[in-house]
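Remarks on the structure that follows.
Please read these numbers as outputs of a predicted model, since none were measured by experiment.
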Number of protein chains: 2
Amino acid sequence: MSARKLPVNKFPKQGRATFRLPFTTVDVVIFSVLEDALCILLVRRPSGDAEPYPGKWALPGGFVNVDVDITLEACATRKLAEKTGVSTSYLEQLGSWGGADRDPRGWSATHVYFALIPAEHIQLERGANAADVSWFDVDKFVNETDLAFDHSSILATAVERLRSKVEYTSLPAFLVPEPFSLPQLQRVYEIVLGRSIDKSGFRTRMLAADFLVEDVYLDGTSNRPAMGYRLRDRSMPVLFPRNLGR
Amino acid sequence: MSARKLPVNKFPKQGRATFRLPFTTVDVVIFSVLEDALCILLVRRPSGDAEPYPGKWALPGGFVNVDVDITLEACATRKLAEKTGVSTSYLEQLGSWGGADRDPRGWSATHVYFALIPAEHIQLERGANAADVSWFDVDKFVNETDLAFDHSSILATAVERLRSKVEYTSLPAFLVPEPFSLPQLQRVYEIVLGRSIDKSGFRTRMLAADFLVEDVYLDGTSNRPAMGYRLRDRSMPVLFPRNLGR
DNA sequence: TGCCCTAGTTGCGCTGTGCAACTTATAATT
DNA sequence: AATTATAAGTTGCACAGCGCAACTAGGGCA
């Protein structure tokens, strides 16, 4: 949202029938796995006197456009596509943050979604200011980067939620391009969780959950060819009856 | 929110620096267990020509008041207290619903929380129109009652979320007044889930999770006195490593 | 005192997991 | 062509938690 189009939350007095409205925004926490690391996409805030947090890194997002966005989720999908070119991905609502102080321009509430996309599908925004969109390693760079608004806190919540759900869901399957082998999937689990997992237990667990369908053998990626799998249903993750152990 | 104070989402044209803002509301799904049934609190929409869904039952909630509410959660707490007199309870964000069509007055987004309160703490709103606030048995009446706005859908999501989390958390402990016995707690689990649970497994599970502290023996509630427990930490539920079994 | 009811315990089999050793299939090397 | 290295995938075993069912413990009530 550039400086040319600043919203105003003051109303004309109109009888006794008016009051001020908060700003409504949508932000997206976009996760992917790049080079064996869990990463998120950040964008740089525009510079300018009227801009809040100019030059700071922030979650991609912005004001809901009531003339374009039919729903909040459609708005999130639009913002995801604008930054990554990815149109289909796993998208889940993370929650909402709202209050008087989180945006210097006034009372605002943001609806936050988080997306999981396979690295291979990404076509980062090109052109004018491509340098202002970048991937950040969650473990290496995120803690030492303070983001605009309350986005540091939102991001922390998102990472916490992702890690917690990975313990008992098939979510990491949305981070790896199909078809994938079980060892590849296991590696993603390990990267997200930051710890190693037992191989045989992992295999039985995944196959018992019955959310994978066999595809083609994957040659050339390692020594012995591995069975390639696809998701039976890309619209929803599977819930396991137990957490991962150890 | 009565008809005397209707918000307007039209802005004065002011250079090229304005656009319309969505309405921002907060709704609360208030759960309790009354007479061995999982219930939620609903309020009746006011009647009047300018009112949407006049006379229909709806979730308690309304517009965020930027002059009063510091945060969304504070707003939810306020609305909970206004309807029930309960000031402390378990309160969790459920999610947000927003779009062009969910409110006939215009583009709106609601931030929904859900609260768990013990029946004994409740002092329903008295006075003027107490008949317009009422408890509904989730299983008996809710499916056949169609609520205002998209509240039926929101409520369904809330029930689903509660039931799903009860499988692996100590959430039902927030629905029963302290001190409580393990059989009492188990009964609440069974009421929420709608199925019976094995006694011995339940006990080991609860005690192993180490979130209960022994209080006083509860005499007179049944034949044999039962150990009474309190929560070690009322601020957070405990997560179990496994779901409840069949 | 004897019966009933509810609280709480005990024993046993099953299942899924952690751990570690093993087999199988290919690529790279000699 | 045989050998070695490496990753995929399997097997066996001990252990922990749960479902199931029978049991003991403690108090009310006739």
Side-chain angles (χ1 to χ4, degrees), chain A residues 36 166-170 172-173 176 178-191 193-230 238-246, chain B residues 36 166-170 172-173 176 178-191 193-230 238-246:
Chain A
D36 282 353
V166 164
E167 297 279 357
Y168 61 96
T169 68
S170 62
V176 55
E178 294 174 307
F180 53 83
S181 70
L182 285 181
Q184 284 169 346
L185 181 60
Q186 179 173 351
R187 217 159 298 136
V188 176
Y189 269 87
E190 290 173 341
I191 288 166
L193 290 175
R195 70 169 195 264
S196 59
I197 300 172
D198 174 64
K199 182 171 47 163
S200 74
F202 181 80
R203 297 178 69 89
T204 34
R205 184 189 179 82
M206 293 301 140
L207 296 175
D210 197 40
F211 69 103
L212 300 172
V213 289
E214 297 191 348
D215 196 57
V216 297
Y217 272 92
L218 307 178
D219 283 45
T221 60
S222 78
N223 290 319
R224 173 171 170 173
M227 190 72 223
Y229 294 90
R230 291 183 172 278
V238 165
L239 307 185
F240 305 129
R242 295 195 195 181
N243 279 0
L244 281 166
R246 226 266 30 163
Chain B
D36 282 354
V166 164
E167 299 279 357
Y168 62 94
T169 68
S170 63
V176 55
E178 297 173 302
F180 53 83
S181 69
L182 286 181
Q184 284 169 349
L185 181 59
Q186 180 174 349
R187 218 158 298 137
V188 176
Y189 270 86
E190 291 173 340
I191 288 166
L193 290 175
R195 70 169 194 264
S196 58
I197 300 173
D198 175 65
K199 182 172 46 166
S200 75
F202 181 80
R203 296 179 69 91
T204 25
R205 183 189 180 86
M206 293 301 140
L207 296 176
D210 198 39
F211 70 103
L212 299 172
V213 289
E214 297 191 349
D215 195 56
V216 296
Y217 271 93
L218 307 178
D219 283 46
T221 60
S222 78
N223 291 318
R224 173 173 170 175
M227 190 72 221
Y229 294 90
R230 291 185 172 276
V238 165
L239 306 185
F240 305 128
R242 298 195 193 180
N243 279 1
L244 280 166
R246 178 39 292 228

Review point. Does any non-hydrogen side-chain atom of B:Leu212 lie less than 4.5 Å from one of B:Leu182?
Key: yes
Practice item. Could you check if a side-chain atom of B:Phe240 sits within less than 4.5 angstrom of a side-chain atom of B:Glu167, using non-hydrogen atoms only? Key: no
Review point. Are B:Ser170 and B:Tyr189 close enough, and set up right, to give a side chain to side chain contact (heavy atoms under 4.5 Å, CB included), and what steps lead you there?
Key: CA-CA 9 Å; B:Ser170 63; B:Tyr189 270 86; 4.2 Å; yes
Study note, to complete from the structure: Here the distance between atom C1' of D:dG9 and atom CG of A:Leu185, to the nearest Å, is 15 Å
Check your understanding: In whole angstrom, what separates B:Glu190's CD from D:dG19's P?
Key -> 12 Å
Review point. How about A:Ile197 and A:Arg205: do any of their side-chain heavy atoms sit closer than 4.5 Å?
Key: no
Check your understanding: Taking the side chain from B:Glu214 and the backbone from B:Met227, do they hold a donor-acceptor pair closer than 3.5 Å?
Key -> no
Check your understanding: In terms of the nearest nucleotide of DNA chain D, which residue is placed more toward the 5' end: A:Leu182 or B:Asn243?
Key -> A:Leu182
Practice item. Mind telling me whether B:Tyr168 and A:Tyr168 have parallel, tilted or perpendicular rings, with 30° and 60° as the class edges? Key: tilted
Review point. Between which nucleotides of DNA chain C, read 5' to 3', does contact with chain B run, using atoms under 4.0 Å from its heavy atoms?
Key: C:dC5 to C:dT10
Practice item. Could you tell me whether A:Arg203 contacts a base, only the sugar-phosphate backbone, or nothing, with contacts defined as non-hydrogen atoms closer than 4.0 Å? Key: base
Exercise for review: Answer whether the closest heavy-atom distance between the side chains of A:Tyr229 and A:Val176 falls below 4.5 Å.
Suggested key: no
Review point. Rounded to whole angstrom units, what separation is found between the CE atom of A:Met206 and the P atom of D:dT10?
Key: 15 Å
Review point. What does nucleotides 20-30 of chain D look like as a protein-contact string, B for base, S for sugar-phosphate only, - for none, at under 4.0 angstrom between heavy atoms?
Key: BB---BBSS--
Exercise for review: Decide yes or no for B:Arg203 and B:Pro183: does some side-chain heavy atom of the first lie under 4.5 Å from some side-chain heavy atom of the second?
Suggested key: yes
Practice item. Please state how far atom CD1 in A:Ile197 lies from atom P in D:dG9, giving the value in whole angstrom units. Key: 16 Å
Study note, to complete from the structure: Rounded to whole Å, CZ of A:Arg187 lies from P of D:dA7 at a distance of 9 Å
Check your understanding: Does some side-chain heavy atom of A:Val166 sit less than 4.5 Å from a side-chain heavy atom of A:Val188?
Key -> no
Exercise for review: Between B:Ser181 and B:Arg242, name the one whose nearest nucleotide on DNA chain C is closer to the 5' end.
Suggested key: B:Ser181
